[in-house]
Protein chains: 2
Amino acid sequence: MADAKNATRKGSATLSLPLNKIVQGDCIDVMNSLPEKSVDVIFADPPYNMQLKETLSRPDNSKVDGVHDAWDKFSSFNAYDEFTYRWLDAARRVLKDTGTIWVIGSYHNIFRVGTALQNLEYWVLNDVIWRKSNPMPNFRGTRFTNAHETLIWAAKSADKGGYTFNYDAMKAMNDDTQMRSDWTLPICSGGERLKNGDKKAHATQKPESLLYRVLMSSTKPGDVVLDPFFGTGTTGAVAKKLGRDFIGIEREDEYIKVAMERISNVKRLDDETLGFTQSKRAQPRVPFGSIVERGMIEPGTTLYDCKRKYTARVRTDGTLITDMEKGSIHKVGASVQGAPACNGWTFWHVEQKGELLPIDFFRQQVRAEMN
Amino acid sequence: MADAKNATRKGSATLSLPLNKIVQGDCIDVMNSLPEKSVDVIFADPPYNMQLKETLSRPDNSKVDGVHDAWDKFSSFNAYDEFTYRWLDAARRVLKDTGTIWVIGSYHNIFRVGTALQNLEYWVLNDVIWRKSNPMPNFRGTRFTNAHETLIWAAKSADKGGYTFNYDAMKAMNDDTQMRSDWTLPICSGGERLKNGDKKAHATQKPESLLYRVLMSSTKPGDVVLDPFFGTGTTGAVAKKLGRDFIGIEREDEYIKVAMERISNVKRLDDETLGFTQSKRAQPRVPFGSIVERGMIEPGTTLYDCKRKYTARVRTDGTLITDMEKGSIHKVGASVQGAPACNGWTFWHVEQKGELLPIDFFRQQVRAEMN
DNA sequence: AACTTGGTTGAATCAGCAA
DNA sequence: TTTGCTGATTCAACCAAGT
């Protein structure tokens with residue numbers, strides 16, 4: 001599919017998706033060489049040092065006067081912004097319309113990133129706080145201990161829905177309450193920390209637990225995950241383990257070498273393990289009429305709400321009727337309560353042996369047969 | 001002092017600081033009418049530009065009372081940015097060179113605010129996360145529960161130090177470990193929430209506990225705290241309680257009325273209570289030698305730990321000596337215990353009338369004399 | 001008096017699909 | 001592009017009333 005799409009793009013490199021590979025090069029160039037709308041999720045951990053000014057040409061009036069400090073600062077923010085807009089723009093092109101992007105940063109850069117995302121018409125879904133359970137202490141006692149980093153999760157645009165959020169899986173992972181926007185996870189240390197000899201292979205290696213939660217929440221098995229600042233490949237390692245395809249982009253030989261070695265040692269989990277709590281929304285639609293049609297509920301049956309306050313009778317076509325109203329299980333359920341909306345499946349019950357059984361029970365039976 | 005400064009500024013309104021008052025008007029106009037470099041700390045809770053679309057209902061079909069006030073409506077990000085740059089610029093003028101600013105926001109606006117702060121040459125000290133212990137859930141299961149807000153704490157510029165950070169008070173408040181950049185506090189509800197009849201007086205009232213920590217960490221008693229979006233006056237109420245002076249700026253009659261009533265019911269804490277929480281760092285250093293020098297403790301005196309397990313004798317130069325060791329009160333205290341470190345001021349005691357008195361008592365006496 | 005139950009509420013960018 | 005239907009979806013606190 002990606003190849004077919006790619007072949008139709010004129011004037012661009014005809015490159016099929018380099019799945020589960022690390023592409024060496026500048027991330028903007030490489031992303032521009034990939035087919036558009038081909039990636040499900042992007043995870044990006046961009047550099048946030050502000051020392052980019054050396055690599056960028058200064059304006060002509062480079063006479064540095066008394067306010068040189070401020071000028072330098074401003075110019076470096078400008079340079080950083082330009083870089084940020086360029087890679088975020090390239091990222092947006094390769095993202096599917098239903099895709100989302102994650103960017104991680106600290107207060108040095110995350111405000112610039114967030115502003116750029118919004119200006120490029122990405123639609124912020126959440127800002128997520130990674131609370132480090134074991135942050136580096138502040139040695140000078142002049143500020144609060146910097147104990148968190150910020151991730152921004154954004155969709156391609158406000159009007160393009162359909163993004164993946166595995167709500168039920170997240171809720172299950174969090175002891176059955178909704179996953180919040182703050183995640184408490186340890187930093188990457190110990191055996192997980194990749195070394196070259198006795199010095200760390202990468203200054204800002206992220207913990208796999210962080211990527212685990214990112215990918216579990218916003219991707220499905222088989223999705224394509226792109227990381228434009230691949231580093232030592234945490235994104236790739238976790239994607240492989242979770243049965244997602246990855247594309248890594250990285251400039252430095254040394255990081256690529258370490259990442260390839262690392263990922264080759266990762267095993268993909270088996271399909272059964274990869275199964276996760278599915279959203280109810282993803283299940284097939286079963287009309288109430290088919291429950292009646294199959295004779296699971298006879299026409300003429302009286303339905304009750306859970307407190308037997310309201311009743312309605314089932315008609316042959318799967319609609320309900322009361323003294324006042326007739327229509328779908330949802331419409332009549334809303335109407336009798338005077339509510340704006342109602343889920344008829346959980347609202348209405350049938351009486352069996354004196355007990356009330358929600359009509360959703362029959363839908364579940366039908367769905368079970370369908371598998 | 002404020003008057004004197006103000007009188008020397010030519011061409012500006014000669015307005016003395018309206019301490020502990022609420023000034024009605026547009027915050028930019030009012031700030032521009034105040035003398036420059038006159039305020040120690042600014043706390044600002046600007047509109048978030050939430051861009052809410054339709055009404056949201058809970059699973060039980062009740063309606064969420066969202067923020068639909070006119071003051072939160074902006075036509076575009078551009079309009080919001082212009083507003084932000086203008087008020088942050090006016091704020092910077094009234095801030096002392098040693099002053100700091102706090103701004104609170106959510107992902108809707110905080111990236112714009114952070115970018116503006118950096119572009120205006122404020123210097124970010126921390127971003128602080130307010131983790132809500134009881135946030136509103138996400139009712140549709142479409143995102144992570146929005147369980148935090150972000151505060152940015154910034155100095156006037158990178159090269160203007162001397163700002164207040166009460167490191168020790170923060171550490172003491174946090175069970176003697178450094179205060180982190182994430183603060184877990186409940187939202188404002190229950191009896192604290194101000195009401196007009198049975199509806200809330202302000203859509204976005206902040207909890208006093210949040211302002212307590214802000215003011216405790218970054219101001220001293222007697223400091224001037226400005227809040228350009230005063231609302232129902234949480235900043236003023238906490239400032240008054242903590243013995244700080246406040247200046248409130250607010251446009252709406254109704255909010256001002258509620259705030260004035262509220263603040264009039266607040267009592268200032270007594271000096272002793274306020275003093276207890278002062279930073280040790282802000283207090284002048286007193287060498288143990290000067291205690292000996294002054295004759296408050298005679299050379300040759302025996303010091304004890306609080307359980308009389310260890311002893312040491314005072315030498316003329318203010319060092320201690322045991323059988324094994326000699327050195328500072330801290331070094332010898334650590335050594336006798338076999339501990340890596342020790343605060344000699346609280347570890348060592350002198351005997352007076354059979355009772356043990358910590359030597360820190362004498363340091364406090366010296367400090368009291370110095371004020 | 002202590003405990004249980006039920007109702008209310010909070011800075012919210014809160015659906016997806018087919019006709 | 002818009003409309004309309006199906007049907008999925010909540011946590012911690014506080015408070016009032018009942019047991």
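This one's a predicted model, so the numbers in the text were calculated from it and none came from an experiment.
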Exercise for the section: Cation-pi check, B:Arg86 to B:Phe83: give yes when NZ or CZ is under 6.0 Å from the six-membered ring centre and within 45° of the ring axis, no otherwise. Expected result: no
Problem - Protein-nucleotide distance (A:Ile291, atom CD1; D:dG7, atom P), rounded to Å - result: 10 Å
Exercise for the section: Classify the angle between the aromatic ring planes of B:Trp71 and B:Tyr255 as parallel (below 30°), tilted (30 to 60°) or perpendicular (above 60°). Expected result: perpendicular
Exercise for the section: Decide if the gap between the ring center of A:Trp130 and the ring center of A:Trp183 is smaller than 6.0 angstrom. Expected result: no
Practice task
Give the rounded distance in Å between these two atoms: CD of A:Gln283 and C1' of D:dT9.
Solution key: 15 Å
Practice task
Provide the distance between the two P atoms, one in C:dG10 and one in D:dT9, to the nearest whole Å.
Solution key: 25 Å
Practice task
For the residue pair A:Ile152 and A:Trp102, establish whether any side-chain heavy-atom pair is separated by less than 4.5 Å.
Solution key: no
Problem - Side-chain H-bond candidate by donor/acceptor type, A:Thr164 with A:Lys220, under 3.5 Å - result: yes
Exercise for the section: Would you tell me whether A:Gln178 and B:Thr145 have side-chain atoms, one donor and one acceptor, within less than 3.5 Å of each other? Expected result: yes
Exercise for the section: Select base, sugar-phosphate, or nothing to describe what B:Trp130 touches, counting heavy atoms under 4.0 Å on all strands. Expected result: nothing
Practice task
Runs of at least three consecutive Watson-Crick or G-U pairs, both distances under 3.5 Å, are what I'm after; which ones involve DNA chain D?
Solution key: C:2-10 with D:11-19, C:15-19 with D:2-6
Handout entry: Separation between the C1' atoms of D:dA12 and C:dT13, rounded to whole Å
Key = 23 Å
Handout entry: Residue-level proximity of residues 150-159 of chain A to DNA chain D when a heavy atom falls under 4.0 Å
Key = none
Problem - Along DNA chain C (nearest heavy atom to each residue), the more 5'-positioned of B:Thr142 and B:Tyr48 - result: B:Tyr48
Handout entry: A:Asp40: side-chain contact (heavy atoms from CB on, under 4.5 Å) partners, not counting sequence neighbours
Key = A:Lys96, A:Asp223, A:Val224
Exercise for the section: Identify whether any heavy atom of B:Asp72 sits under 4.0 Å from a base atom; if not, whether one sits that close to sugar-phosphate; answer base, sugar-phosphate or nothing. Expected result: base
Problem - Nearest-Å distance for atom pair CG/P, residues B:Leu56 and D:dA8 - result: 18 Å
Practice task
Assess the side chains of A:His330 and A:Ser328: does a donor N or O sit below 3.5 Å from an acceptor N or O?
Solution key: no
Exercise for the section: Determine the interatomic distance between P on C:dA11 and the same-named atom on D:dT6; round to the nearest Å. Expected result: 35 Å
Problem - Side-chain donor-acceptor contact under 3.5 Å, A:Arg244 with A:Thr219 - result: yes
Practice task
Using the C1' atom as the reference point in each nucleotide, state the distance between C:dG6 and D:dT10 in Å, no decimals.
Solution key: 16 Å
Practice task
Flag the pair B:Phe230 / B:Phe246 as yes when their ring centroid distance falls below 6.0 Å, and as no otherwise.
Solution key: yes
Practice task
Please say whether the positively charged group of A:Lys331, taken as NZ for Lys or CZ for Arg, lies over the ring of A:Trp345, i.e. under 6.0 angstrom from the six-membered ring centre and within 45 degrees of the axis.
Solution key: no
Practice task
Shoot me the first and last contacting nucleotide of DNA chain C against chain B, ordered 5' to 3', at under 4.0 angstrom to non-hydrogen atoms.
Solution key: C:dT9 to C:dA15
Practice task
Could you check whether A:Lys331 gets within reach of a base, just the sugar-phosphate, or nothing at all, counting any heavy atom under 4.0 Å?
Solution key: nothing
Exercise for the section: Please determine, by modelled atom types, if A:Asp168 and A:Thr277 share a side-chain donor-acceptor pair under 3.5 angstrom. Expected result: no
Practice task
Could you work out the separation of D:dA8 and C:dC17 based on their P atoms and round it to a whole Å?
Solution key: 14 Å
Practice task
Taking syn as within 90° of 0 and anti otherwise, name the glycosidic form of C:dT13.
Solution key: syn
Practice task
Indicate, with yes or no, if the rings of A:Trp348 and A:Tyr310 have centres closer together than 6.0 Å.
Solution key: no
Exercise for the section: Using a strict 4.0 Å threshold on nitrogen-to-oxygen distance, state whether A:Lys171 and A:Asp176 make a salt bridge. Expected result: no
Practice task
Look at all strands and tell whether B:Pro46 reaches a base, only sugar-phosphate, or nothing, counting heavy atoms closer than 4.0 Å.
Solution key: base
Exercise for the section: Using only heavy-atom distances, determine whether the side chains of A:Arg315 and A:Thr319 contain a donor-acceptor pair under 3.5 Å. Expected result: yes
Handout entry: Separation between the P atoms of C:dC14 and D:dG7, rounded to whole Å
Key = 23 Å
Exercise for the section: Report yes or no: do A:Asn126 and B:Tyr107 form a side-chain donor-acceptor pair below 3.5 Å? Expected result: no
Practice task
For A:Lys280, answer base if it contacts any base atom (sugar-phosphate contacts may also be present), sugar-phosphate if it contacts only those atoms, and nothing otherwise; contact means non-hydrogen atoms under 4.0 Å.
Solution key: sugar-phosphate
Exercise for the section: May I ask you to say what A:Arg281 touches in the nucleic acid, namely base, sugar-phosphate or nothing, with a heavy-atom cut-off under 4.0 Å? Expected result: sugar-phosphate
Exercise for the section: Go along nucleotides 10-17 of chain D 5' to 3' and tag each nucleotide: B for a protein heavy atom under 4.0 Å from its base, S when only backbone or sugar atoms are that close, - otherwise. Expected result: BBSSSS--
Handout entry: Whole-Å gap separating P (D:dT6) and CH2 (A:Trp348)
Key = 15 Å
Handout entry: DNA chain D contacts made by residues 308-330 of chain A, counting heavy atoms under 4.0 Å
Key = A:Ser328, A:His330
Exercise for the section: Classify the side-chain pair B:Thr234/B:Arg262 by whether it contains a donor and acceptor separated by less than 3.5 Å. Expected result: yes
